[in-house]
2 protein chains.
Amino acid sequence: MWAATEKFLRFLQQPPLELIPSGKDIADIRSIPISERFYPAGTTIAEEGRPGRPHLFISSGWALSYKSMSNGQRLVVDFAQRGDLISSSPIADRSVRSTTDVTVFEIEAQNHRPLSAYSSYLAHAMMRLMTRNHSIATEHLANVARRRPLERTAFLFLETSYRLQQAGDGTGDRYDFPFTQGDLADALGLTAIHTNRVLRDLREQGLMSFRNWTVELLDRRNLLEMTLFDPGYLDLREDFVG
Amino acid sequence: MWAATEKFLRFLQQPPLELIPSGKDIADIRSIPISERFYPAGTTIAEEGRPGRPHLFISSGWALSYKSMSNGQRLVVDFAQRGDLISSSPIADRSVRSTTDVTVFEIEAQNHRPLSAYSSYLAHAMMRLMTRNHSIATEHLANVARRRPLERTAFLFLETSYRLQQAGDGTGDRYDFPFTQGDLADALGLTAIHTNRVLRDLREQGLMSFRNWTVELLDRRNLLEMTLFDPGYLDLREDFVG
DNA sequence: CGCAGACTTGAAGATTATCAACCACCGTGG
DNA sequence: CCACGGTGGTTGATAATCTTCAAGTCTGCG
């Protein structure tokens, strides 16, 4: 009947969320209209400036979340992967494009009745994810504002590796990363050319390599040391009080 | 009896939130322990790395939200003012220090029962504020990554002016801003020295001035034009579905 | 083969940081 | 009253970093 809802319930219980809903929580969530949608690679899923789209839980694939700025520049906000929530604003402040084929769960409240009125459990889960997203955005800000390009770039790939691990996708020392150096540059606040040189440095120093759409972390110990990477901000613990 | 709760309810109905709770919403919120606290200027209200502090609604004063990075650098995450929510994470990812005397409402769930279980209304309000905070953080990221220092600086002061207006604190063409050029630099991703030169440029071009802890927007039209500032991301509209 | 998109390299120029002073203001204590 | 120290702000010279411009290379694919 509501196949999407049942799949969504299973999704919540798998990594990275691993929620354990009670009977009431499950019943509450079943009262919310949830749909599962498939977007082929290259689809624009959400567009900046548009109002009130549903909240998106990515269930598989990679998506690029970005802002097209009025000065002609572009900012890549995030490389979104399985388990990530892309929550909507009254007016979307970013666009989302599927980079690979992508499957998402879409949730939208009806008749001006907020989701939190349907399910306090889902509200709680969403607040945890939104808090984590905020932490990630803040860490990106720190990265761009206060780390040098080499460390900055290494940091981003380390973060991505940890998030993949959390989502249960591999060990993280080697992973697919289907984005261009231009995408990377727009995430790091550099030019594509400079990003290219930074990647070469990282490769020549034997630290890591990004070629042919795959990342290899060759010397994780030194990468951690030079970036002083601490994954605490990615934590998704149960003891969040929201 | 619960003076703080009643004051908090009034706070919700004033700018910038202007919420209109129903009778049930009010009863729900009365079931939550809320305290009002006063922090003199210079107090450290929250500290990075510490677990599980309450959520903070700033009711008056200015606070500085920042990260002390392990590479010795500092990032100023936000200049928080009246009406802002500083939501907590499982592990705090930033510190907060009162810059002026500050009054806040502090809300903390008890016994592992999430706030959303007490009040779907408060959960909804918090999700709206968290979404706005996320939009602000993303815009700051765009600002630092993809705008030049002059526009970047002007943008920050324009944003602050709009947020003050939303909170009902003055017209915004002239306002107190009790932070140093060093604080500003750590928010903009520049050195203090370069920030000083940028401020001089803005002043010499007759665009705006920041001296003696007060900001004057002298030529708002040109500031808006050069930054292409669009306050849409600060929107706090009722039609949010979370 | 030839094209398009992504990547790579070198040289030159612009921007931003660093270093080293110095000024201005303010509250304190002699 | 005034010297003093501390904080915050200002300036110039120099060095490092990053961008821009211009020109390719590589690869997959029709």
Side-chain angles (χ1 to χ4, degrees), chain A residues 41-42 62 64 66 69 71-76 79 97 99-100 143-154 156-157 176-205 208-216 226, chain B residues 41-42 62 64 66 69 71-76 79 97 99-100 143-154 156-157 176-205 208-216 226:
Chain A
W62 286 97
L64 188 70
Y66 62 96
M69 298 169 63
N71 63 359
Q73 298 268 42
R74 187 181 67 146
L75 174 83
V76 166
F79 303 101
R97 197 183 64 225
T99 304
T100 63
N143 204 28
V144 170
R146 284 288 180 250
R147 263 188 280 262
R148 288 177 328 191
L150 199 81
E151 287 83 353
R152 193 186 303 175
T153 305
L156 190 150
F157 284 115
D176 285 354
F177 193 72
F179 302 97
T180 67
Q181 292 185 2
D183 295 333
L184 203 49
D186 285 336
L188 295 169
L190 303 170
T191 59
I193 293 175
H194 197 69
T195 301
N196 178 284
R197 298 195 221 266
V198 170
L199 290 172
R200 170 159 50 93
D201 283 1
L202 286 167
R203 218 182 308 120
E204 286 176 354
Q205 293 184 36
M208 57 156 292
S209 127
F210 169 42
R211 292 194 117 156
N212 302 117
W213 321 109
T214 95
V215 172
E216 290 175 277
M226 70 183 272
Chain B
W62 286 97
L64 188 69
Y66 62 96
M69 299 169 65
N71 63 359
Q73 298 269 41
R74 187 182 67 147
L75 175 83
V76 166
F79 302 101
R97 197 183 63 224
T99 305
T100 63
N143 203 29
V144 170
R146 283 290 181 248
R147 264 187 280 262
R148 289 176 327 187
L150 200 81
E151 288 82 354
R152 192 186 303 174
T153 305
L156 189 150
F157 284 115
D176 286 352
F177 193 71
F179 302 97
T180 67
Q181 292 185 2
D183 296 334
L184 204 49
D186 286 336
L188 295 169
L190 303 170
T191 60
I193 294 175
H194 197 71
T195 302
N196 179 285
R197 297 193 222 268
V198 170
L199 290 172
R200 171 158 50 97
D201 283 0
L202 287 167
R203 218 182 310 121
E204 285 175 355
Q205 293 184 37
M208 56 156 292
S209 126
F210 169 41
R211 292 195 116 156
N212 301 117
W213 320 108
T214 95
V215 172
E216 290 174 278
M226 70 182 272

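A quick note: this is a predicted structure, and the numbers were derived from the prediction, not measured. All chains are named by letter (A, B, ...) in the order of the sequence lines, taking the proteins before the strands, and each is independently numbered beginning at 1.
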Tell me: [atom1] of [X] to [atom2] of [N], nearest whole Å?
X	N	atom1	atom2	answer
Leu199(A)	dC7(C)	CG	C1'	10 Å
Trp213(B)	dT7(D)	CH2	P	12 Å
Arg148(A)	dT18(C)	CZ	C1'	13 Å
Asn212(B)	dG9(D)	CG	P	9 Å
Arg197(A)	dT8(C)	CZ	P	11 Å
Asp201(B)	dT11(D)	CG	P	11 Å

Next on the checklist: Expected output is a numbered-order residue list: members of residues 178-195 of chain A with a heavy atom under 4.0 Å from any atom of DNA chain C. What is it?
Outcome noted: Thr180(A), Gln181(A), Ile193(A)

Next on the checklist: From the set dA13(D), dA11(C), dT10(D), return the single nucleotide nearest to any side-chain atom of Arg211(B).
Outcome noted: dT10(D)

Checklist entry - Which of the following nucleotides, dA6(C), dT8(C), dG12(D), is nearest to the side chain of Arg203(A)? => result dT8(C)

Nearest 0.5 angstrom please: [X] [atom1] to [Y] [atom2], how far?
X	Y	atom1	atom2	answer
Leu199(B)	Thr153(B)	CG	OG1	6.5 Å
Glu216(B)	Arg203(B)	CD	CZ	11.0 Å
Thr99(A)	Asp176(A)	OG1	CG	12.5 Å

Checklist outcome for this item: Closest non-hydrogen atoms of Pro178(A) and Trp213(A), given as atom of the first, atom of the second and distance, are C-CE3, 4.0 Å

Checklist entry - Do the ring planes of Phe157(A) and Phe210(A) sit parallel (below 30°), tilted (30 to 60°) or perpendicular (above 60°)? => result tilted

Checklist entry - For Leu190(A), does its backbone N or O pair with a side-chain atom of Arg146(B) as donor and acceptor, under 3.5 Å? => result yes

Next on the checklist: So, OP1 or OP2 of dG9(D): does either fall under 4.0 Å of a side-chain N or O from Asn196(B)?
Outcome noted: no

Item to check | Heavy-atom donor-acceptor pair, Arg200(B) side-chain to dG9(D) base, under 3.5 Å | outcome: no

